J.: 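One structure follows; several queries about it will come next.
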Amino acid sequence: MLQINDLTYRLGERLLLDHATVSIPTGARVGMVGRNGTGKTTLFKIVCGELGTEGGSIGLPRGVRIGRVEQEAPGSAITLIDFVLAADTERSALLEEAETATDPLRIADIQTRLTDIGAHSAPARAAAILHGLGFDAEAQARPCSDFSGGWRMRVALAAVLFSAPDLLLLDEPTNYLDLEGALWLQNYLSRYPHTVVVISHDRDFLDEVTNHILHLSHGKLTIYRGGYTSFDRQRREKAMLLAKAADKQADERKRLQAFVDRFKAKASKARQAQSRVKRLEKMEPIVLEGNEEDATIRLPSPEKALAPPLIAMEGVSVGYGERTVLSRISQNIADDDRIGLLGANGNGKSTLVKLISGRLDKMSGALRRSQKLKIAYFAQHQLDELDADATPVSMVRKKMLGATEAQVRSRTAQLGFGALKADTTITRLSGGERARLLLGLAAFEGPHLLILDEPTNHLDIEARAALVEALSDYSGAVIIVSHDRFLIEASCDRLWLVAGGTVRPFDGDLDDYTRLILSGTDAPPPKEERAFVAPKPEAPKKPAQARGRIAKKVSELDLQIAKLNDLLRRVDATLADPNTFRKDKSFAAKLSADRAALAKRLEGLEEEWLSLQMELEEA
């Protein structure tokens with residue numbers, strides 16, 4: 001389907017694509033991954049013909065239809081349903097021609113073709129797609145201009161999906177969706193009948209949707225079979241094998257160079273030394289994948305814990321003016337709670353968050369907050385409100401009045417903005433860097449409660465993992481609104497469902513919630529009343545025990561591998577000495593055999609270490 005041949009593209013002084021070559025098969029569902037700024041969106045523009053290249057070519061079958069969400073969201077007076085229907089240009093043209101055609105043969109051809117493309121069922125298909133993305137029947141009849149930018153982008157996405165192109169290119173489609181919309185899109189794309197290439201940093205989304213992963217790193221494209229988890233395993237295995245090969249090559253170079261240095265001046269050994277020089281020159285260096293800058297996110301914990309509950313709500317109602325959005329809220333937030341908020345957009349999640357954070361007053365009921373409670377709030381819209389001329393160090397300086405310049409820059413570096421980035425203006429920071437900066441500033445003073453509203457939209461996979469790790473180290477309470485399933489599953493131990501005008505605990509997990517969403521119901525079925533049964537004493541946590549056992553074994557293997565490597569280095573040093581063979585040939589032969597046995601033993605230990613490391617990560 002898509003052939004990328006020897007593609008080279010330079011943006012200013014940066015080489016984004018360096019003789020990149022890859023072939024994407026027809027019908028594949030491909031997830032494109034890579035760190036922010038590597039050139040993923042640029043590659044999409046090149047495939048669509050929007051950008052020229054320095055070299056190479058793009059190969060596509062003749063007449064292939066490419067679909068991509070337009071950057072400009074629709075904002076005209078056309079209704080949502082009509083905008084989506086207009087995306088099928090062939091259907092629109094045939095219907096228009098059918099109004100004026102007079103030739104009976106042509107009329108028959110038009111009607112046959114309309115039947116073939118399912119034109120008469122098109123309104124139902126378009127409505128189903130819009131409904132899946134969060135638009136009810138009433139909203140579908142409203143003009144596009146009635147909706148905000150984020151909702152219009154959903155309409156643009158619906159139009160592209162409805163047109164069903166042969167090659168569908170999606171760039172971070174879940175960024176403007178809630179969890180419910182993301183789950184629906186995930187289900188839709190997993191059954192898409194044509195070729196899909198989707199840029200995403202959501203590993204669970206990629207695992208569910210894709211059967212290939214296209215990795216862009218250091219200007220090169222590499223395709224892997226399987227979803228993201230399979231790709232991650234293959235990449236780590238490949239990196240380990242390359243590292244081993246590079247170490248072997250380095251040892252061989254060292255041995256050959258030692259021979260050359262020792263005997264190049266001896267006439268009797270000159271020919272042998274020269275042959276080793278030629279071998280060194282012919283030895284192709286093994287290039288390891290360079291280390292990319294680690295994402296750093298730091299969330300300081302509160303200096304002093306407060307007595308729980310931090311917030312207690314009993315029969316609380318909240319809304320705007322005289323309109324009540326949520327009522328009958330009776331929930332508590334403990335000092336170490338990790339709560340994920342579920343519920344479609346428009347159900348009141350933002351209203352609840354504003355109530356909890358103190359940005360919105362209750363209308364009725366009782367709401368009590370702990371004294372000295374500090375709440376930090378992060379929301380995506382704050383990224384658009386940043387001062388374009390500000391820098392990370394200037395924003396930290398405002399938080400540290402009276403501190404020395406050294407102290408300010410040290411704290412800025414702790415947020416992940418060292419000497420190279422501390423004085424960079426906001427306009428020159430990437431979306432991910434801005435999000436990381438705002439996260440660090442939000443939690444700057446060690447809040448007791450941290451509220452995160454879609455914190456991962458601009459973060460790549462590594463930065464999302466860094467956020468999960470930072471939340472794990474943070475000791476305060478957390479409330480998360482996110483479409484990122486990985487973040488919720490890794491960081492939340494309680495789920496609240498905002499639906500039906502109230503808030504209640506959701507007793508299932510995200511698999512249960514996914515089934516609930518795809519079934520089209522608004523609430524879980526009521527549970528049967530059961531007689532109270534005293535809970536049994538909790539058994540020891542087997543997963544924790546398993547993790548501890550595996551971690552202990554990994555540490556033991558680390559020591560064994562280090563000892564074997566040290567022993568091999570000493571054996572190699574002895575074997576590299578020509579006197580070893582001259583003095584005692586039988587000893588040298590035995591030492592060579594022993595070295596082979598040690599190398600085999602080391603290889604076995606390293607494979608066992610890799611297997612245990614994967615088990616540890618899964619645990």
Side-chain angles (χ1 to χ4, degrees), residues 1-7 9 16-17 19-35 38-51 53 56-69 87 129 132 157-175 177 182-238 460-461 485-486:
M1 160 62 77
L2 174 60
Q3 295 282 344
I4 298 174
N5 303 308
D6 203 32
L7 201 64
Y9 181 82
L16 292 182
L17 297 168
H19 300 282
T21 298
V22 77
S23 176
I24 295 176
T26 301
R29 297 191 303 276
V30 182
M32 189 173 179
V33 300
R35 297 297 292 267
T38 53
K40 300 185 296 295
T41 301
T42 298
L43 181 60
F44 269 20
K45 292 180 179 179
I46 293 171
V47 171
C48 293
E50 297 175 17
L51 292 175
T53 63
S57 62
I58 299 291
L60 286 166
R62 184 184 298 274
V64 68
R65 294 181 305 119
I66 301 177
R68 183 166 172 241
V69 178
I129 292 173
L157 174 61
V160 172
L161 296 178
F162 174 74
S163 67
D166 304 309
L167 175 59
L168 176 62
L169 304 177
L170 297 177
D171 190 348
E172 290 284 3
T174 59
N175 270 7
L177 299 178
L183 292 173
W184 179 88
L185 179 64
Q186 173 181 298
N187 183 64
Y188 186 90
L189 291 181
S190 65
R191 297 178 286 108
Y192 191 75
H194 308 302
T195 306
V196 182
V197 182
V198 54
I199 297 172
S200 179
H201 296 302
D202 187 331
R203 62 182 70 196
D204 286 292
F205 181 84
L206 291 171
D207 269 337
E208 292 295 327
V209 169
T210 65
N211 51 29
H212 291 76
I213 294 293
L214 181 62
H215 186 215
L216 175 56
S217 178
H218 299 89
K220 302 295 184 183
L221 290 167
T222 309
I223 194 163
Y224 297 79
R225 286 187 176 274
Y228 182 83
T229 300
S230 174
F231 150 75
D232 192 40
R233 186 189 70 250
Q234 293 178 65
R235 185 179 59 161
R236 285 188 284 112
E237 290 174 349
K238 180 181 175 182
D460 56 30
I461 290 176
R485 179 170 176 162
F486 171 75

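It should be emphasised that the depicted structure is a prediction, and the values quoted were computed from it without experimental measurement. Just so you know, residue 1 is the first one in the sequence shown, and it goes up from there.
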J.: Is any side-chain heavy atom of Tyr9 closer than 4.5 Å to one of Leu43?
T.: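 Side chain of Leu43 against side chain of Tyr9, heavy atoms only: no contact under 4.5 Å found.
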J.: Any side-chain to backbone donor/acceptor pair from Asp207 onto Thr229? Under 3.5 Å, distance only.
T.: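 Confirmed, Asp207 side chain pairs with Thr229 backbone.
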J.: I need the Arg68 CZ to Leu168 CG distance, nearest 0.5 Å.
T.: 11.5 Å
J.: Calculate, to the nearest 0.5 Å, the distance between atoms CZ and NZ belonging to Arg235 and Lys238 respectively.
T.: 10.5 Å
J.: Suppose we screen for salt bridge (Lys or Arg N to Asp or Glu O under 4.0 Å). Which residues come up paired with Arg65, at least two apart in sequence or across chains?
T.: Asp166
J.: Under the side-chain hydrogen bond (donor to acceptor under 3.5 Å, both in side chains) test, which residues partner Asn187, sequence neighbours left out?
T.: none
J.: Nearest 0.5 angstrom please: Ile223 CD1 to Leu214 CG, how far?
T.: 5.5 Å
J.: Sequence neighbours left out, what passes side-chain hydrogen bond (donor to acceptor under 3.5 Å, both in side chains) with Glu172? Give chain and number order.
T.: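 Counting only residues at least two positions away or on another chain, Glu172 forms a side-chain hydrogen bond (donor to acceptor under 3.5 Å, both in side chains) with His201.
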J.: Check step by step if side chain to side chain contact (heavy atoms under 4.5 Å, CB included) holds for Ile461 and Phe486.
T.: CA-CA 10 Å; Ile461 290 176; Phe486 171 75; over 6 Å; no
J.: Using the rule given for side chain to side chain contact (heavy atoms under 4.5 Å, CB included), can you reason through Val64 versus Leu2, listing the C-alpha separation, both sets of side-chain angles and the distance that settles it, and then say yes or no?
T.: CA-CA 10 Å; Val64 68; Leu2 174 60; over 6 Å; no
J.: Of all heavy-atom pairs between Ser163 and Ala87, which one has the smallest distance, and what is that distance?
T.: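 Minimum heavy-atom contact is CB-O, 3.8 Å.
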J.: Report the residues that fulfil side-chain contact (heavy atoms from CB on, under 4.5 Å) with Lys220, sequence neighbours left out, ordered by chain and then residue number.
T.: Asp18, His19
J.: Apply side chain to side chain contact (heavy atoms under 4.5 Å, CB included) to the pair Ile4 and Ile58, showing each step before the final yes or no.
T.: CA-CA 5 Å; Ile4 298 174; Ile58 299 291; 3.8 Å; yes
J.: Show the numbers, then the answer: is there a salt bridge (Lys or Arg N to Asp or Glu O under 4.0 Å) between Arg236 and Asp232?
T.: CA-CA 6 Å; Arg236 285 188 284 112; Asp232 192 40; 3.6 Å; yes
J.: Apply side chain to side chain contact (heavy atoms under 4.5 Å, CB included) to the pair His212 and Arg29, showing each step before the final yes or no.
T.: CA-CA 6 Å; His212 291 76; Arg29 297 191 303 276; over 6 Å; no
J.: Any sub-3.5 Å donor-acceptor pair from Lys40's side-chain atoms to Leu216's backbone N or O?
T.: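 Pair absent, no side-chain N/O of Lys40 close to backbone of Leu216.
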J.: Please name the pair of heavy atoms, one in Leu16 and one in Gly39, separated by the smallest distance, quoted to 0.1 Å.
T.: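 Looking at all heavy atoms of both residues, the closest pair is CD1-CA, 4.3 Å.
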J.: Check side-chain hydrogen bond (donor to acceptor under 3.5 Å, both in side chains) between Thr53 and all other residues, then give those that pass, not counting sequence neighbours.
T.: none
J.: If you round to the nearest 0.5 Å, how far is OG of Ser230 from CG of Leu206?
T.: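 The distance works out to 12.5 Å.
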J.: Report yes or no: does Glu208 contribute a side-chain atom to a donor-acceptor pair with the main-chain N or O of Leu183 at less than 3.5 Å?
T.: no
J.: I'd like to check the ring pair (Phe, Tyr, Trp, His ring centres under 6.0 Å) partners of Phe231; sequence neighbours left out, ordered by chain and number.
T.: His215, Tyr224, Tyr228
J.: As a test of understanding, state which of Asp171, Leu221, Ile213 forms a side chain to side chain contact (heavy atoms under 4.5 Å, CB included) with Met32.
T.: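 Testing Met32 for a side chain to side chain contact (heavy atoms under 4.5 Å, CB included) against Asp171, Leu221, Ile213 leaves exactly one candidate, Leu221.
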J.: What's the separation between atom CG in Leu167 and atom SG in Cys48, rounded to the nearest 0.5 Å?
T.: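 Between Leu167 CG and Cys48 SG, I get 7.5 Å after rounding to 0.5 Å.
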J.: Report yes if some heavy atom in the side chain of Leu177 is under 4.5 Å from a heavy atom in the side chain of Trp184; otherwise report no.
T.: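 The answer is no, as the side chains (C-beta and beyond) never meet within the 4.5 Å cut-off.
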J.: For Ala158, check side-chain contact (heavy atoms from CB on, under 4.5 Å) against everything at least two apart and list the hits.
T.: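 If we apply the side-chain contact (heavy atoms from CB on, under 4.5 Å) test to Ala158, skipping adjacent residues, the hits are Val84, Ile129, Leu130, Leu133.
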J.: Please list, one pair per line, the donor and acceptor atoms closer than 3.5 Å that link side chains of residues 192-200 to other protein atoms, with sequence neighbours excluded.
T.:
| unit_1 | atom_1 | unit_2 | atom_2 | d |
| --- | --- | --- | --- | --- |
| Tyr192 | OH | Pro165 | O | 2.7 |
| Thr195 | OG1 | Gly27 | N | 2.8 |
| Ser200 | OG | Asp202 | N | 3.1 |

J.: When rounded to the nearest 0.5 angstrom, what distance separates CG in Leu51 from CZ in Phe44?
T.: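 So the gap between those two atoms works out to 13.0 Å.
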J.: How far apart are the closest heavy atoms of Ile66 and Leu169, and which atoms are they?
T.: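 That closest heavy-atom pairing would be CG2-CD1, 3.9 Å.
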J.: With sequence neighbours excluded, tell me which residues meet side-chain hydrogen bond (donor to acceptor under 3.5 Å, both in side chains) with Ser23.
T.: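 By the side-chain hydrogen bond (donor to acceptor under 3.5 Å, both in side chains) rule, Ser23 matches Gln3.
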